[in-house]
**Student:** 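I'd like to ask some things about the structure below.
Worth saying up front: this structure is predicted, and the values here are computed from it rather than measured. A note on names: the letters A, B, ... follow the listed sequences, proteins ahead of strands, and every chain is numbered from 1.
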Protein chains: 2
Amino acid sequence: MERRTAQRQAIRDAIGQARRPLSAEEVLAVARRRCRGLGQATVYRALGSGVQEGWLKCVQMPTGPARYEIAELPHHHHFECTRCHRVFDVNGCPGRLDRMVPSGFTLQRHEILLFGLCAGCRNN
Amino acid sequence: MERRTAQRQAIRDAIGQARRPLSAEEVLAVARRRCRGLGQATVYRALGSGVQEGWLKCVQMPTGPARYEIAELPHHHHFECTRCHRVFDVNGCPGRLDRMVPSGFTLQRHEILLFGLCAGCRNN
DNA sequence: TCCATATTGATAACTGTTTCTCAATTATCG
DNA sequence: CGATAATTGAGAAACAGTTATCAATATGGA
């Protein structure tokens with residue numbers, strides 16, 4: 001059966017407390033604060049099984065590593081800072097995207113990606 | 001100085017005649033029809049210099065290789081078929097995306113990505 | 001406590017994509 | 001026509017991100 005470990009707890013907490021999608025590297029950095037010596041393989045394994053189990057969702061951006069966020073969040077989109085490369089959630093969605101779909105095509109899902117400077121980078 | 005070669009001509013034509021963004025592999029396949037023995041290194045080199053020169057634009061999707069399209073096309077977005085992974089242009093843009101940006105952030109650019117089945121895959 | 005085995009960390013290996021290397025080829029100029 | 005240097009093709013290598021390997025460790029039940 002599945003065992004409770006300090007490593008997985010730290011990883012879950014890191015993701016749960018972040019207000020934005022985190023990369024494996026970011027998860028590792030945060031979770032290591034509570035779990036010394038945590039290995040990156042463990043993070044990748046936990047992320048993979050989190051997605052399998054359905055409580056985690058993988059967010060792919062055009063470049064850079066995958067980010068992970070809690071699966072149950074309401075529909076939203078993402079903003080990537082072009083300087084620090086952190087990804088943030090943005091809420092709202094223009095809708096009506098099915099109007100853009102060429103005739104004969106079937107729309108399954110969509111993503112809106114915003115790029116620019118986050119508040120922190122804009123002021124530094 | 002820069003020389004005119006059959007290879008570059010075939011590559012330019014392949015991109016110019018496609019009605020959608022092509023990956024390096026797709027460009028190679030098309031351009032090889034007119035230029036036997038064309039190598040992939042040549043395609044990558046031509047795509048790179050096309051972007052440098054400004055007439056080509058690189059389209060990055062969350063997964064898969066970069067696609068390339070003519071730079072001067074009017075503002076539009078992309079649709080990727082989840083079955084054949086070809087990328088198509090879609091026109092129209094909902095606009096008003098700046099409303100979604102968190103306060104303090106600066107929006108530089110945006111991308112709308114649609115995913116689903118293209119007409120060909122839907123009927124097969 | 002002890003055991004069976006799930007889990008871990010370090011590291012090697014892998015994947016898909018792209019770039020580099022280099023000898024051979026070829027376009028352009030005089 | 002040469003000479004010169006840009007360009008090419010094949011293959012090796014780089015690259016970032018991720019997954020696999022495996023011995024050591026630690027969990028949860030008996």
Side-chain angles (χ1 to χ4, degrees), chain A residues 1-15 21-53 55-69 78 80 82 84-87, chain B residues 1-15 21-53 55-69 78 80 82 84-87:
Chain A
M1 87 306 310
E2 184 166 281
R3 297 175 180 177
R4 303 184 87 253
T5 66
Q7 288 88 338
R8 282 209 272 257
Q9 190 58 51
I11 291 166
R12 264 182 253 118
D13 289 354
I15 295 166
L22 300 183
S23 66
E25 191 182 2
E26 289 174 316
V27 171
L28 180 61
V30 174
R32 251 186 187 157
R33 296 207 279 262
R34 293 219 291 95
C35 191
R36 300 299 172 80
L38 176 63
Q40 64 165 12
T42 301
V43 172
Y44 277 109
R45 277 186 291 243
L47 295 174
S49 46
V51 171
Q52 286 281 67
E53 294 158 17
W55 62 274
L56 251 194
K57 202 162 117 186
C58 181
V59 178
Q60 298 272 8
M61 300 294 283
T63 59
R67 310 315 204 291
Y68 295 85
E69 66 182 3
H78 299 101
E80 178 175 340
T82 54
C84 68
H85 300 292
R86 288 185 298 177
V87 175
Chain B
M1 87 305 307
E2 184 166 281
R3 298 175 179 177
R4 302 185 88 251
T5 65
Q7 287 89 338
R8 281 209 273 257
Q9 190 57 52
I11 291 166
R12 264 182 253 119
D13 289 353
I15 295 167
L22 300 184
S23 65
E25 191 182 2
E26 289 173 318
V27 171
L28 179 61
V30 174
R32 251 185 188 159
R33 297 206 278 262
R34 291 220 290 97
C35 191
R36 300 298 171 80
L38 176 64
Q40 64 164 14
T42 301
V43 172
Y44 277 109
R45 278 185 292 243
L47 294 174
S49 48
V51 171
Q52 287 281 69
E53 294 158 18
W55 62 274
L56 251 195
K57 201 161 117 187
C58 181
V59 178
Q60 297 273 5
M61 300 296 282
T63 58
R67 310 313 204 295
Y68 295 85
E69 65 181 4
H78 298 100
E80 179 175 339
T82 54
C84 68
H85 300 291
R86 287 185 299 177
V87 175

**Student:** Across the strands shown, which category fits Ala66(A) at heavy-atom distances under 4.0 angstrom: base, sugar-phosphate, nothing?
**Tutor:** sugar-phosphate
**Student:** Under a criterion of less than 4.0 angstrom to any heavy atom of chain B, what are the 5'-terminal and 3'-terminal contacting nucleotides of DNA chain C?
**Tutor:** dT17(C) to dT28(C)
**Student:** Without hydrogens or angle criteria, can the side chains of His78(A) and Gln60(A) be said to hold a donor-acceptor pair below 3.5 Å?
**Tutor:** no
**Student:** Please examine the side chains of Ile11(B) and Leu28(B), heavy atoms only from C-beta on, and report whether any two atoms are closer than 4.5 Å.
**Tutor:** no
**Student:** Would a distance-only check, ignoring hydrogens and angles, find a side-chain to backbone donor-acceptor pair under 3.5 Å from Ser23(A) to Glu26(A)?
**Tutor:** yes
**Student:** Is there a side-chain contact between Leu56(B) and Glu69(B) (heavy atoms, below 4.5 Å)?
**Tutor:** no
**Student:** Within a strict 4.5 Å, meaning less than it, do heavy atoms of the Arg67(B) and Leu22(B) side chains meet?
**Tutor:** no
**Student:** Sub-3.5 Å donor-acceptor pair from the side chain of Thr5(A) to the main-chain atoms of Arg8(A), do we have one?
**Tutor:** yes
**Student:** Can you confirm whether Glu25(B) is buried at CD, in the sense that more than 12 heavy atoms of other residues, nucleotides or ligands lie under 6.0 Å from that atom?
**Tutor:** no
**Student:** Go along nucleotides 23-30 of chain D 5' to 3' and tag each nucleotide: B for a protein heavy atom under 4.0 Å from its base, S when only backbone or sugar atoms are that close, - otherwise.
**Tutor:** ---BBS--
**Student:** Heavy-atom count check: over 12 atoms from other residues, nucleotides or ligands less than 6.0 Å from Glu53(A) CD?
**Tutor:** yes
**Student:** Strictly under 3.5 Å: I want the nitrogen or oxygen pairs between protein and nucleotides 10-16 of chain D, one per line.
**Tutor:**
none

**Student:** Between Val51(B) and Lys57(B), is there a side-chain heavy-atom distance shorter than 4.5 Å?
**Tutor:** no
**Student:** On DNA chain C, compare the nucleotides closest to Arg8(A) and Thr63(B); which residue's is nearer the 5' end?
**Tutor:** Arg8(A)
**Student:** Quick check against the 3.5 Å criterion: does Thr42(B) have a side-chain atom that pairs as donor or acceptor with the backbone of Leu38(B)?
**Tutor:** no
